[in-house]
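The structure appears right after this line, and notes come after that.
Residues: numbered from 1 along the sequence shown. Atoms within each ligand, like the ligands themselves, are counted from 1 in listed order.
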Amino acid sequence: MKLKIAVLAGDGIGPEVTREAVNILQAVAEAGGHEFTFSEALLGGVAITAKGTPLPQETIDTALDSEAVLLGAVGDNKFNHLTPDKRPESGLLQIRQILGGFANLRPAVAYPALAENSPLRSNVTQGVDILFVRELLGGLYFSQPRFWNKETGEAVNTMRYTRDEVVRVARIAFDLAARRRKKLTSVDKANVLECSQLWRATVDSLKPEYPEITVEHQLVDSMAMHLMNVPRNFDVVLTENLFGDILSDESGIITGSLGMLPSATIGGRINLYEPVHGSAPDIAGMGKANPLGAILTAAMVLRHSAGLEQEAAAVEAAVQQVLTAGHRTADIAGRKAAVSTQQMGKLVHAALAESIDRSQSLHAV
Ligand code: NAD
């Protein structure tokens, strides 16, 4: 298969971790005879330095000419004096809007080898594999009116959803649940909010189209508790923008390090893939960054843009294997010795190559 990937590595540790993710995608392409092409473009602080703007037109053109955008991270303290609309992060917000994805996918997976990195007990996290589907373009973050009137001392944000907005993100969640353990948990606050009542009724109205999926509804406050008590009970969790923002961050605790978390934003013109972490200026250029979040993000590119499910699972298994063998970057090392960003990338690459060799020799038999 062919895939045109725009690579926006960004600032800080962005280029370091993105390099390792691209290496993994190249390895998959070579092994399977796929044609992945990579076009690099500037975003964030590096773009301000080179072009005077965090999102140059060339970057927009490169992104729109691609079939998937792989982003590293943006943010550089040296631009903190600029107004928010001129800072590196504004380039990220703009590119997200241009690409138009409305469904943000955030996996929360417990890796047995990292059980001691989570503050939760291992018998709670064991076997946890949740996929959050967060609505990204509606709700409180975007609806009008919104204002802060400093004279009257009044501030307003509005939560508005239409049935169509709920339908399109709910369908994505149902489809993903169908490819996983066939359970969908929809989270709302239907005991108080009309928006949530619309949300719940809309999800229920789609149930007859997906008879194989078990659907349950949870109120967001009790969901926050269940996620920490019985996270194993959840498969796909669908929710609106604000609740999804909070719950998916809360669930980061299950994996144990920000550097391990991937994400994808789908449903728009072009899918956008990015690790959850920022540019980590405190460790940039030191070879200390954990590239596994970016590598697991590459697995999401394979799954959601290339349709290569087996290859995506092979990358995820290679990450598991390397962790199980005891290799750690500094953020997850605890008292163990740490490997560098590049060494971690090479270890995953080697584990993946080994599993590809094994499966190719099995096919040959
Ligand atoms: P951050 O995610 O960059 O870092 C938080 C902490 O986690 C730091 O101690 C950092 O060293 C550590 N960390 C993050 N990723 C890591 C990795 N892969 N491996 C090892 N350790 C890792 O968040 P922050 O410090 O709040 O923000 C730094 C900059 O990044 C700011 O300019 C912020 O605006 C920006 N930011 C960008 C994004 C994005 O690009 N999506 C997201 C969050 C923050």
Side-chain angles (χ1 to χ4, degrees), residues 6-21 24 41-49 54-55 59 63 69-97 99 101 104-106 111 114 117-118 134 136 141 244-246 248-249 252-253 255-265 271-298 300 319 322-323 327-334 336 338-345 347-348:
V7 180
L8 315 183
D11 303 317
I13 62 169
E16 302 168 46
V17 298
T18 305
R19 199 172 304 126
E20 303 309 321
I24 292 296
L42 299 173
L43 177 75
V46 284
I48 299 177
T49 303
L55 181 62
T59 302
V69 175
L70 177 64
L71 203 145
V74 298
D76 186 333
N77 292 338
K78 81 174 184 228
F79 298 111
N80 283 356
H81 63 285
L82 299 176
T83 53
D85 59 317
K86 304 239 162 28
R87 280 190 204 160
E89 291 83 347
S90 74
L92 176 60
L93 299 181
Q94 285 173 56
I95 194 76
R96 282 181 183 156
Q97 273 181 345
L99 299 178
N104 181 231
L105 314 188
R106 282 259 308 254
Y111 295 94
L114 293 185
N117 289 73
S118 171
R134 166 190 170 195
L136 203 62
Y141 291 7
D245 193 0
I246 297 169
S248 59
D249 264 27
I253 211 116
T255 305
S257 168
L258 194 52
M260 293 289 304
L261 303 175
S263 83
T265 301
N271 293 347
L272 172 65
Y273 299 87
E274 46 183 326
V276 168
H277 62 74
S279 59
D282 52 335
I283 55 167
M286 298 164 76
K288 283 189 182 170
N290 184 343
L292 296 181
I295 289 173
L296 292 166
T297 299
M300 295 187 88
V319 168
V322 166
L323 292 173
H327 303 295
R328 302 281 187 273
T329 42
D331 57 318
I332 50 175
K336 291 197 170 97
V339 299
S340 70
T341 308
Q342 209 183 1
Q343 282 166 331
M344 184 55 103
L347 286 161
V348 176

Do me a favour and list the nearest non-hydrogen protein atom to [atom] with residue, atom name and distance?
atom: atom 38 (C) of ligand 1; value: G278 CA, 3.4 Å
atom: atom 8 (C) of ligand 1; value: D282 OD2, 3.4 Å
atom: atom 29 (C) of ligand 1; value: S279 OG, 3.3 Å

- If you measure from atom 7 (O) of ligand 1 to every heavy atom of L258, I283, V74, L261, which option wins on shortest distance?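 Answer by nearest heavy atom: L258.
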Polar contact flag for [X] and ligand 1 (N/O pairs, less than 3.5 Å):
X: P275; result: no
X: K288; result: no
X: A73; result: no
X: N77; result: no

Is a donor on one side and an acceptor on the other found under 3.5 Å between the side chain of [X] and the backbone of [Y]?
X: R328; Y: L323; answer: yes
X: R106; Y: S248; answer: yes
X: N290; Y: T329; answer: no
X: T341; Y: A289; answer: yes
X: T297; Y: G293; answer: yes
X: S118; Y: I253; answer: yes
X: S257; Y: G259; answer: yes

Structural part of [X] in contact with ligand 1, heavy atom criterion under 4.0 angstrom:
X: T329; answer: neither
X: E89; answer: side chain
X: I13; answer: side chain

Heavy atom of protein inside 4.0 Å of [atom], strictly below:
atom: atom 15 (N) of ligand 1; result: yes
atom: atom 40 (O) of ligand 1; result: yes
atom: atom 24 (P) of ligand 1; result: no

- Residue pairs, two or more places apart or on separate chains, that pass salt bridge (Lys or Arg N to Asp or Glu O under 4.0 Å) and touch residues 82-96: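 Listed once each, the pairs are R96-E274.
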- Task: Give the atoms of ligand 1, by number and element, whose distance to some non-hydrogen atom of G259 is under 4.0 Å.
- Result: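 Counting atoms of ligand 1 from 1, those under 4.0 Å from G259 are 17 (C), 18 (N).
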Using residues 69-80 as the side-chain source, report each donor-acceptor pair under 3.5 Å to any protein atom, sequence neighbours left out, with the distance given to one decimal.
from	atom 1	to	atom 2	distance (Å)
D76	OD1	K78	N	3.0

- Assess the side chains of Y141 and D245: does a donor N or O sit below 3.5 Å from an acceptor N or O?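 Side-chain D/A pair, Y141 to D245: present.
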- Could a heavy atom of P281 be found less than 4.0 Å from some atom of ligand 1?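 True for this residue.
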